[in-house]
Structures are given as structure tokens and as C-alpha cells.
Protein chains: 2
Amino acid sequence: MNEEDYIARYKKRNFDAPLVTVDAVLFTYHENTLKTLLVKRSAYPEKGKWALPGGFVSESEDDGLEATLIRKLKEKTGVIPPYVEQLYTFGGPSRDRRGWSITVAYTALIAHQSCEISIDTVSDVNWLPFSKVCQLPLAFDHLDIVNRAHERLVQKALYSIVPAYVLPETFTLPELQHVHEVIIGKPLQKKSFRRRIEQANLLVDTGEKRAEKGRPAALYRMREDSAAYNFIRNLEL
Amino acid sequence: MNEEDYIARYKKRNFDAPLVTVDAVLFTYHENTLKTLLVKRSAYPEKGKWALPGGFVSESEDDGLEATLIRKLKEKTGVIPPYVEQLYTFGGPSRDRRGWSITVAYTALIAHQSCEISIDTVSDVNWLPFSKVCQLPLAFDHLDIVNRAHERLVQKALYSIVPAYVLPETFTLPELQHVHEVIIGKPLQKKSFRRRIEQANLLVDTGEKRAEKGRPAALYRMREDSAAYNFIRNLEL
DNA sequence: GAAACTAAGTATCATTAAGACACTTAGTTT
DNA sequence: AAACTAAGTGTCTTAATGATACTTAGTTTC
């Protein structure tokens, strides 16, 4: 048998393949809180429970796993998040009643304002504070996924400025520091935080300022590729 | 329709699900070199090319993705590696001619001596130096996988002693340092390397020594959970 | 319009961990 | 016994964060 024959025959076989889905833990920052996007399940299984946005891979529509994810997120939020990163793949016979299943989980970050409008109009899609999410009875093993995503986000906050993606394009340093503090769950040293960002030249001063009560804060924008930069040393836990 | 009916009906449907495999980049250290285990493909597609050890998830045999991996590795090497970690999941319509496919890739580490005997008896399973592997025409997208596994291993070598798992249970500090140097591709400061390991108390002195030419080196053993320890600062690249 | 207030941003010293490199030590070989 | 080799240590320098007090730029209050 040559290769062509083999492939042709293979494709006709009825395989006992696991179900494959892709899920996202989409974080944002709103009202001084870290929030996660959840969707209320309208169908079995786990009907009525909160779940992560996601869905089945479509062989015809999707050019890759990340494409599936982006398609699904666009359905729910109307926009494509500026930061998407693969997190971990969960698989096993009992995580979904429909059978042996796999989900490729992603972490994504987005500014709250970017998708505020589309979310508000759909009642079964909601931003929930991360602290509440952990106490909710989420569908499937989605709680494990959320927790792992958060762990990883904490690490990122200690050695990168990736968390900046939960903010709008321009933001102040105090805002960014607060985002990191909310993620890590501890206050940070203002000077240490700013020093390393300045040294690595990760932000551009837009020249504009924003004032609320005290001295106005300078507005910055992320430089190209700043998200890829890792400090050689972590901040203290 | 209630949930039971839904599930029952669901299971009978013939889904257009992607093929799901699991692959391992298994590293070891032998003859002062970092090596990777490869298998010569005996079947279509990509027949005759070198590929990563791995295979299809078995719904009946496997209790999870890692279980699939371990089953496959045991088939090839006869043993279960002491270090296994999920790396990344690759998926898309064109990486395998048989159709839309996914592979969940793992990194695994093992001492060369542990599986020497079983490997030697099978001619289509072979340890190849990492430097050579990169120039070989590997099957599927396995070269991408190998490269990503190596990148991650380099990082681990900079902030952990995970690479110790390519050595036998007891080893000397000069050996461990050399492993790190081979992985990173640069010499390291002896003092810096030792100081941090000592401070974090990651190794236990077995009391025994091993001599080759000069002063005999002390033999150490990894402490429980030492692989989970991350230094807060990276060594220089 | 000046003083008080508030939060942004800076200066500076202490601390910690790595880099560099010379030195000592414990065995083996000649 | 001297020379040799590689393991292991001492110590000073360098680099980055921690801690804390201070200055600055606007707003609010009287």
C-alpha cells in the first residue's frame, strides 16, 4: 500500500477520537478589581452553570487552535483581545459527561472598555470578579482552569508588564502598579516597580496627563514588544 | 429533552473531531551531550522519517493526557521518566496529512543509564544529539516541538535545577553544572552556580565521593520538591 | 489668592544575590 | 616527595530591588 492509499483509507475510518474544545480565561480590570468573563450555559451538559467562553474546534473554519479561540471570543465579546497566550491542555475521560474530552485553555487579556457595549447587551455573558468566581460552582473543570490561569498571571506580574493589557492603550503608572498589586494580592514598592520599567524602556510617555485628586499622572503607552520582555529578577512575593 | 437523553444521543453522533496525539521530547545527557529520543516511523504518513515518541490517545486505556504519554514512553524506553511536564499543544489542519490534528507535547527528562538497555535492543529508537536533531528532516512539525522544548529547558536551567533529572539519582556538582552549561550553551560561574543551590538547600550530600582525575567530587542527591523550587533571579545569558 | 491637601514622582541608603577571580584543598600520577 | 588536576572556598565588585523620606504639581478650601 502506498501513502496515498493509506491516507484515503484512513480518512474514511470512524475514529474513537476525544472531543476537542478550546476555552479562554479572559481577564480584565474594572472598578479596581480583576474580573473574568463567564458565560451561562444554555445547553446540556452542565446547563445553567457558569462556564468559560469557548467551544468546539471547527475543522472547516479554523486554521489552528488559536483561530478557534479567537472565533469564539469574538462571538461572545465582539472583539479580539490584544493578548492571547496558550495556558495548558486539560484532558481525561470524566471531565465532560459526553466522553473522553480535551480542552486547550488560553489566557487572554483585554481592556474593559473595549468590549463593554457588546457584553452589556447579552445577559448570559458576564464579567465576574475573580474572587467570586473561585466560589462559584463552575461547569466541568473550569475552576481548575481559572485557578491555573490566575497562578500564571501572578507570575507574569512578577517578571513582566503583560498585565498592562487589561488596561486601555494609554494608562498611568499608578494604574499599572495597582493592576499588578490586585493580581499579586500584595502591595508593591512604588520605586522598585517604576525603576525597572524605566530601565527596560518598556513604555512611551504620551506627553498627556490625567488628574483625579492629587498631582496629575503621566499617560504612557506600551512600546512594541514590551510584553515579550522579561525582567531577570522577580519582585518579592 | 433532559440531560440523560441529550448525552445518550450525543454519544451516538459521528463527530468530525480532530485527531489527538501526545508526543514527548525526552531529553537525556550522555557523553557530555544533550540528547533527544527519536523513533523512526515505520508507517505512513512520514514513513521513514525520525519522529518524537508518542501516539494516539486511547479512550479505553488512558485516564488523562499524561497517562497516554507515560504509556507511550514506557513502550519505547521500558521506563517512566522521573520528570514529565506539559509543554504546548500544537494543532491545525495541515500538520498531519490525515486531517485536522492536535498534539499535546510534553517535555520529559531521564538519566541515560535508566533506559540504556531497552533502547539498545531496538534499532528504530535512538538517542540523537540535540545539535544534530535540529538539522534532521523530522516528521510533521516535530522540529518546532523540539525547538520549543529546548527553549523552555534553557529557561529552566537559568532559574531551577530541573535539568538534574537528566542525571542519575546521585551526581556531583561539577556534573550538574556541566549539564546546565550544555543546555544553556554558555559557561557558568562556578561560585554563583553553587552558592544559590546551597542557599536554597536543594541537594543532600550523600557523604560519598567520586574521583576521576583531580580532587574527588562530593555526590549529591536531589531533595524532595527541589524541582519545584525557582530562584528569584536568573543566571546571566 | 494663599494655605492646606492629595497623590505623583524622585533621591538615597540599605540589602540581597550574582559576577569575577584568586586561592586552597584532596586526591592521583610521576 | 614534588607536580599535577580538578573540586571547592574566600572575598571583593557589581547590579538590582527594598525601604523610606522627600519634593512636586495640581485641586480644594477658606
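Note that the structure is predicted; figures quoted are calculated from it, not measured. First the proteins, then the strands, lettered A, B, ... as listed; each starts at 1.
A donor-acceptor pair is defined here as one N or O able to donate and one able to accept, closer than 3.5 Å; such a pair exists between the side chain of A:Ser226 and the backbone of A:Leu202.
Side-chain to base pairing of B:Arg210 with C:dG27: no donor and acceptor N or O lie closer than 3.5 Å to each other. A donor N or O paired with an acceptor N or O is not found under 3.5 Å between the base of D:dG26 and the side-chain atoms of A:Lys213. Taking only distance into account, the side chain of B:Arg195 never meets the base of D:dG10 through a donor-acceptor pair shorter than 3.5 Å. For B:Lys191 against D:dG10, a side-chain-to-base donor-acceptor contact under 3.5 Å is present. For A:Arg215 against C:dT6, no side-chain N or O and base N or O form a donor-acceptor pair under 3.5 Å.
For the pairing with A:Asp23, the side-chain contact (heavy atoms from CB on, under 4.5 Å) check across A:Thr68, A:Thr103, A:Leu87 returns one residue only, A:Thr103.
Heavy-atom nearest nucleotides on DNA chain D were determined for B:Pro216 and for B:Glu236, and the one closer to the 5' end corresponds to B:Pro216. Each of B:Leu235 and B:Glu212 lies near DNA chain C, and the nucleotide nearest B:Leu235 is the one positioned closer to the 5' end. For A:Phe193 and A:Gly214, each mapped to the nucleotide of DNA chain D holding its nearest heavy atom, the one lying further toward the 5' end belongs to A:Phe193. Positionally, the nearest nucleotide of DNA chain C for A:Leu219 lies more toward the 5' end than for the other of A:Leu219 and B:Gln189.
Comparing C:dG19, D:dA16, D:dA7 by their nearest atom to the side chain of A:Ile232 picks out D:dA16.
Atom-to-atom, NZ of A:Lys209 to C1' of D:dT24 comes out at 11 Å; the value is rounded to the nearest Å. The distance between atom NZ of A:Lys190 and atom P of D:dT17, rounded to the nearest whole Å, is 17 Å. Per the geometry, CG belonging to A:Asn234 stands 13 Å off C1' belonging to C:dA17, to the nearest Å.
Residue contacts shown for B:Ala211 are absent, as no nucleic acid heavy atom lies under 4.0 Å away.
Under 4.0 Å is where a charged nitrogen must lie from a carboxylate oxygen, and between A:Lys186 and A:Glu236 no such pair does.
Counting heavy-atom neighbours within 6.0 Å of A:Gln86 CD, excluding the residue itself, gives a total above 12. Remark: A:Glu212 CD is loosely packed, at most 12 non-hydrogen atoms of other residues, nucleotides or ligands lying under 6.0 Å away.
Pair check for C:dT30 finds D:dA1; Watson-Crick or G-U wobble, both atom distances under 3.5 Å.
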